[in-house]
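Before any comments, here is the structure.
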Amino acid sequence: MSEAELFAQQAMFDDAGMQQQYRYLHAAFHYYQQRDAVATLALIPEETGKDLTDTTHFSLQVLRGLALEAEHGWQAAETHWRHLLTLKTNETQQQYLQLSLAETLVKAGHPEAIFAPDSPVKNLRFRSAVLKSAANADLLRQQTGEQQTHEERAVALHTLLTQSLVHRDYAAYLKDSELLRTIAPLKSAENASWNMEDLTAFTWDGSDTEEGYQCTALTTVVSTLNKRPNDAHATNCLGAPFPLETQQNGRGLCHQ
């Protein structure tokens, strides 16, 4: 549809009292079809109200956030999402805005801001995804702290230990694995599966290997590799509890 054809529909929207819906269509035309963020922003003013529950109203502000990111960068988009998160929204809208802010912070290179004490990103699924895909070792260690929820501590520790093994930082693994004494494995339930974050993998006792092949417990295996990184037997044993992770550079554990 051309812009002229869109203009020709305006009277019909006006007669039906759907001016906001027409504004959204016009703004979406500029953003998605013409790739014109400036024109999009001109049609959607900054939100000054307190209630964002109306679907069209909400959609307009989401579109404004996308246009701000395209035209003015991550900081402008972050400010916008943070502001919207202070307004009245329904649960679905609230979760969408949390996700938008989290994605913006990751793209801007500031995943640590998601875990600040005053962060509005509370959804565990979003926070876990960031830990597994964008957090460095320091941030992961921070999120294993006692002030965090049990679920988040377990996800952070699983990711931290996996990254250490993938990057062959055996000394760091041995130090961080001491946290396994205080962070219990997560238990899957009907509405929550933690199979990809199973901490029991790191307490492997050396069993379940091929018949005739003997391995010691994982901690002993890693200790050997810390002393002799090229030890063939220890390397093979490390692959027993983590066959996919070690062969695929950890990709299966770093992304949901």
Side-chain angles (χ1 to χ4, degrees), residues 82 85 91 94-95 97-205 217-223 225-226 238 240-246 248-256:
R82 287 186 181 275
L85 279 162
E91 181 63 21
Q94 176 71 200
Q95 297 307 309
L97 293 175
Q98 287 189 36
L99 177 60
S100 297
L101 177 58
E103 289 180 335
T104 296
L105 290 170
V106 169
K107 291 176 183 177
H110 297 295
E112 72 283 350
I114 295 168
F115 304 95
D118 61 348
S119 171
V121 181
K122 306 297 185 184
N123 184 293
L124 178 61
R125 182 183 297 274
F126 304 155
R127 291 167 69 96
S128 296
V130 173
L131 287 175
K132 292 191 282 185
S133 64
N136 61 25
D138 289 338
L139 180 55
L140 290 169
R141 291 189 182 99
Q142 171 188 295
Q143 294 313 114
T144 64
E146 294 181 357
Q147 71 275 23
Q148 314 302 337
T149 66
H150 175 217
E151 291 81 5
E152 193 157 302
R153 294 180 74 197
V155 171
L157 180 57
H158 188 281
T159 307
L160 180 62
L161 295 179
T162 299
Q163 288 186 359
S164 294
L165 293 180
V166 168
H167 297 298
R168 301 183 180 183
D169 190 349
Y170 302 123
Y173 175 90
L174 292 170
K175 181 178 180 180
D176 291 325
S177 64
E178 294 177 4
L179 288 167
L180 291 167
R181 301 173 183 174
T182 58
I183 302 177
L186 296 171
K187 296 182 179 179
S188 295
E190 184 176 348
N191 61 345
S193 173
W194 297 105
N195 293 335
M196 294 294 291
E197 298 84 9
D198 186 7
L199 288 175
T200 62
F202 301 106
T203 57
W204 184 63
D205 62 2
L218 180 60
T219 300
T220 304
V221 169
V222 178
S223 295
L225 289 170
N226 188 44
L238 181 61
F242 306 107
L244 293 179
E245 293 87 337
T246 54
Q248 298 179 7
N249 282 335
R251 288 188 295 246
L253 290 172
C254 294
H255 298 277
Q256 282 192 324

Please tell me if the side chains of T203 and L218 come closer than 4.5 Å, counting only heavy atoms from C-beta onward. no

For D205, all residues meeting side chain to side chain contact (heavy atoms under 4.5 Å, CB included), sequence neighbours excluded: S207

Got more than 12 heavy atoms from elsewhere within 6.0 Å of CD, Q147? yes

Tell me whether the rings of F202 and Y173 are parallel (<30°), tilted (30 to 60°) or perpendicular (>60°). tilted

Only pairs at least two apart or in different chains count here, so list each salt bridge (Lys or Arg N to Asp or Glu O under 4.0 Å) that has a residue in residues 149-177. R127-E152, R141-D176

Side-chain (H150) to main-chain (I183) donor-acceptor, under 3.5 angstrom: no

Indicate yes or no: at least one non-hydrogen side-chain atom of P111 is less than 4.5 angstrom from one of L105. no

Once rounded to the nearest 0.5 Å, what's the spacing between atom CD of E197 and atom CG of L157? 12.0 Å

Which distance, rounded to the nearest 0.5 Å, do you find between the OH of Y170 and the CG of L165? 7.0 Å

Does N123 offer a backbone N or O that forms a donor-acceptor pair with the side chain of Q98 under 3.5 Å? yes

Short side-chain to backbone donor-acceptor contact, S119 and F115, under 3.5 Å: no

Using the side chain to side chain donor-acceptor pair (under 3.5 Å) criterion, which residues pair with H110? Sequence neighbours excluded. E112

